[in-house]
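I have placed the structure first, in the form of structure tokens, so that the comments after it can refer back to it.
We name chains A, B, ... by the order of the sequence lines, and we start the count at 1 in each one.
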Number of protein chains: 2
Amino acid sequence: MDPFALDRSSPVPLYFQIAEQYEQAIVDGRLRPGDRLETEVALARQLGLSRPTVRQAIQLLVDKGLLVRKRGVGTQVVHAQVRRALELTSLFDDLSRAGQAPRTQILGLRRVSAEPAQAQPLQVAPGEPIWLLERLRLVGDEPLAVLRNCLRTGLVDLEAFDLERQGLYGSLRRAGISMSVARQRVGARRASPAEAALLSEDPGAPLLTMERTAYDNAGRVVEFGQHVYRPDLYSFETTLVQR
Amino acid sequence: MDPFALDRSSPVPLYFQIAEQYEQAIVDGRLRPGDRLETEVALARQLGLSRPTVRQAIQLLVDKGLLVRKRGVGTQVVHAQVRRALELTSLFDDLSRAGQAPRTQILGLRRVSAEPAQAQPLQVAPGEPIWLLERLRLVGDEPLAVLRNCLRTGLVDLEAFDLERQGLYGSLRRAGISMSVARQRVGARRASPAEAALLSEDPGAPLLTMERTAYDNAGRVVEFGQHVYRPDLYSFETTLVQR
DNA sequence: GAGTGGTCTAGACCACTCA
DNA sequence: GAGTGGTCTAGACCACTCC
């Protein structure tokens with residue numbers, strides 16, 4: 001490993017700068033699966049930092065599934081091909097980063113009265129107005145997913161944003177709304193006739209489903225989504241870490 | 001919140017004791033969604049601990065998606081019905097804890113020569129001997145999933161364990177092998193005729209699929225699984241946290 | 001016995017939020 | 001301006017692994 005370049009005047013925390021450089025080294029192949037890192041104490045001495053700061057950096061990468069630690073032994077790069085972990089982002093971000101040129105087609109955006117099935121996850125009273133957004137996601141010319149989202153009104157005026165270009169999460173970020181936590185459930189079912197038509201699939205074809213409820217950093221529900229994906233074009237990848 | 005009972009002679013770390021008691025309070029309803037916790041400094045003073053220790057406890061629950069923090073504001077309980085997050089466990093554990101009396105039927109356990117498709121994820125040479133384990137999981141009398149696992153030989157003698165009663169992960173734990181990290185991919189596809197017969201489904205019915213590679217805390221591949229689930233009986237739940 | 005990561009202390013300064 | 005969480009320091013002792 002090359003020496004680190006730390007910028008103490010940067011607003012980026014030191015532990016994050018360290019973690020970024022290690023992550024890059026792993027992705028680049030400068031650190032290979034099974035390689036041992038230097039000990040936390042040695043690293044702290046070399047970098048002129050305290051051990052807790054170095055430890056915080058390593059912990060970040062352990063949580064991402066890139067490193068494994070063993071007491072009395074040391075810290076090693078995990079023996080796995082590194083792929084991007086599932087993060088709290090939208091499908092739009094996922095595909096943009098994969099360079100696949102996603103497009104979005106708005107099928108409908110309107111204010112409706114919340115039905116009980118929508119009101120409950122959004123934690124509003126039934127009959128209250130909510131945003132209902134339906135979109136078709138395409139990658140190239142292939143339809144990929146049908147996205148259906150419910151949002152509380154009052155948070156943001158969705159019609160003011162270019163949802164086709166920025167995606168929903170990008171628009172929310174621009175409005176100053178940042179997601180903090182999300183719960184999601186992934187399942188499967190047959191395509192309805194309408195979904196099959198939109199996705200160029202046979203009726204009854206298997207679809208991957210995802211339901212997600214997202215919360216801001218005040219713990220309030222921001223968004224509830226029910227999405228269906230073509231399983232030949234999309235799947236969900238997660239890294240699980242024992243804590 | 002009631003005062004905490006900390007046991008400094010316990011081998012359980014103090015930060016974990018604190019986190020456990022908060023988690024219990026949230027599950028019990030003594031702490032309700034939106035409730036504010038006391039400040040980290042105040043908590044440290046009351047508990048007679050340093051602030052970093054208290055902070056470590058809170059971080060654990062933030063990572064679990066139970067609490068949200070906001071600088072300049074405070075720490076709150078997230079506005080969500082609390083459900084168990086997806087952890088690094090097996091389906092057997094999942095169902096046991098849900099009180100659903102899972103059963104396992106071993107369809108086959110044998111040593112085979114690794115085919116390339118099996119050798120690659122296990123990181124052994126093609127043709128090397130590996131364990132191949134096929135099981136049918138049932139809940140009550142309903143078939144739930146077909147589980148197919150490949151393991152490196154040499155780690156453990158699978159025939160020495162009662163896989164029907166303990167599950168695979170339980171057997172590995174007994175053999176002193178603990179999982180540290182796992183990567184998994186969830187998708188969907190049609191049932192093959194054989195799978196349909198095992199799962200009491202129609203051929204071509206939609207199935208939920210999961211591929212998982214698990215690593216021990218030396219970063220070595222331990223297990224590679226390809227599983228299919230009946231989507232009416234099982235789905236995958238995850239909590240995503242912005243870091 | 002030497003070396004590792006796991007836990008913990010008792011402070012410090014800062015950026016941010018809100019009144 | 002007061003109070004919050006975010007970051008960072010410079011140590012300490014312990015449990016565990018390996019030789």
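When side chains are defined from C-beta on, A:Leu109 does not count as touching A:Leu132, because their heavy atoms never get closer than 4.5 Å. You'll find the side chain of B:Leu67 stays beyond 4.5 Å of the side chain of B:Val78, heavy atoms only.
Spacing between atom CG of A:Leu49 and atom C1' of D:dG11 amounts to 15 Å, rounded to whole angstrom units. Rounded to an integer number of Å, the gap from NZ of A:Lys70 to C1' of D:dC16 is 10 Å. If you measure from atom CD of A:Gln56 to atom P of C:dG6, you get 14 Å, rounded to the nearest angstrom. Note: CG (A:Leu67) to P (C:dG5) measures 11 Å, nearest angstrom. Atom CZ in A:Arg69 sits roughly 8 Å away from atom C1' in C:dG6 (whole-Å rounding). For A:Phe16 and D:dC8, the CZ to C1' distance is 17 Å, given to the nearest whole Å. Rounded to whole angstrom, the span from the CG atom of A:Leu43 across to the P atom of D:dT9 amounts to 13 Å. With rounding to whole Å, A:Gln59 atom CD is found 14 Å from C:dC8 atom P.
Within 4.0 Å (heavy atoms only), A:Pro11 reaches no atom of the nucleic acid at all. Nucleic acid contact for A:Ile58: none, since no nucleic acid atom lies under 4.0 Å from a heavy atom of the residue. Within 4.0 Å of B:Arg8, counting heavy atoms only, lie sugar-phosphate atoms of the nucleic acid but no base atom.
No donor-acceptor contact under 3.5 Å links the side chain of B:Arg71 to the base of D:dG3.
Ion pair B:Lys64/B:Glu23 flagged as a salt bridge, since at least one NZ, NE, NH1 or NH2 atom sits closer than 4.0 Å to an Asp/Glu carboxylate oxygen. For A:Arg51 and A:Glu40, the salt-bridge test passes: some basic side-chain N is under 4.0 Å from an acidic carboxylate O.
Ranking D:dT9, D:dG5, D:dC8 by closeness to the A:Pro13 side chain, first place goes to D:dC8. Distance from the side chain of B:Glu40 is smallest for D:dG6 among the nucleotides C:dG5, D:dG6, D:dT7. Ranking D:dT4, C:dG5, D:dC8 by closeness to the A:Leu14 side chain, first place goes to D:dC8. Which of D:dA10, C:dG6, D:dG6 sits closest to the side chain of A:Arg51 comes down to C:dG6. In this structure, of C:dC18, D:dG11, D:dG5, it is D:dG5 that holds the atom nearest to the side chain of B:Arg55.
OP1 or OP2 of D:dG5 has at least one side-chain nitrogen or oxygen of B:Thr75 nearer than 4.0 Å. Between A:Thr53 and D:dT9 there is a side-chain N or O to OP1 or OP2 distance below 4.0 Å. Neither OP1 nor OP2 of C:dC8 sits under 4.0 Å from any side-chain N or O of B:Tyr15.
In this structure, B:Glu211 contributes its side chain and B:Gly225 its backbone to no donor-acceptor pair below 3.5 Å.
The partner of C:dT9, taking Watson-Crick or G-U wobble pairs whose two distances both stay under 3.5 Å, is D:dA10. Using N1 to N3 plus N6-O4 or O6-N4 for Watson-Crick, or N1-O2 and O6-N3 for G-U wobble, each under 3.5 Å, C:dA15 pairs with D:dT4.
A residue-by-residue look at A:Leu37 and B:Val54 shows that A:Leu37 has its nearest nucleotide of DNA chain C further toward the 5' end.
Checked by atom type, the side-chain pair B:Tyr215/B:Glu223 shows no donor-acceptor distance below 3.5 Å.
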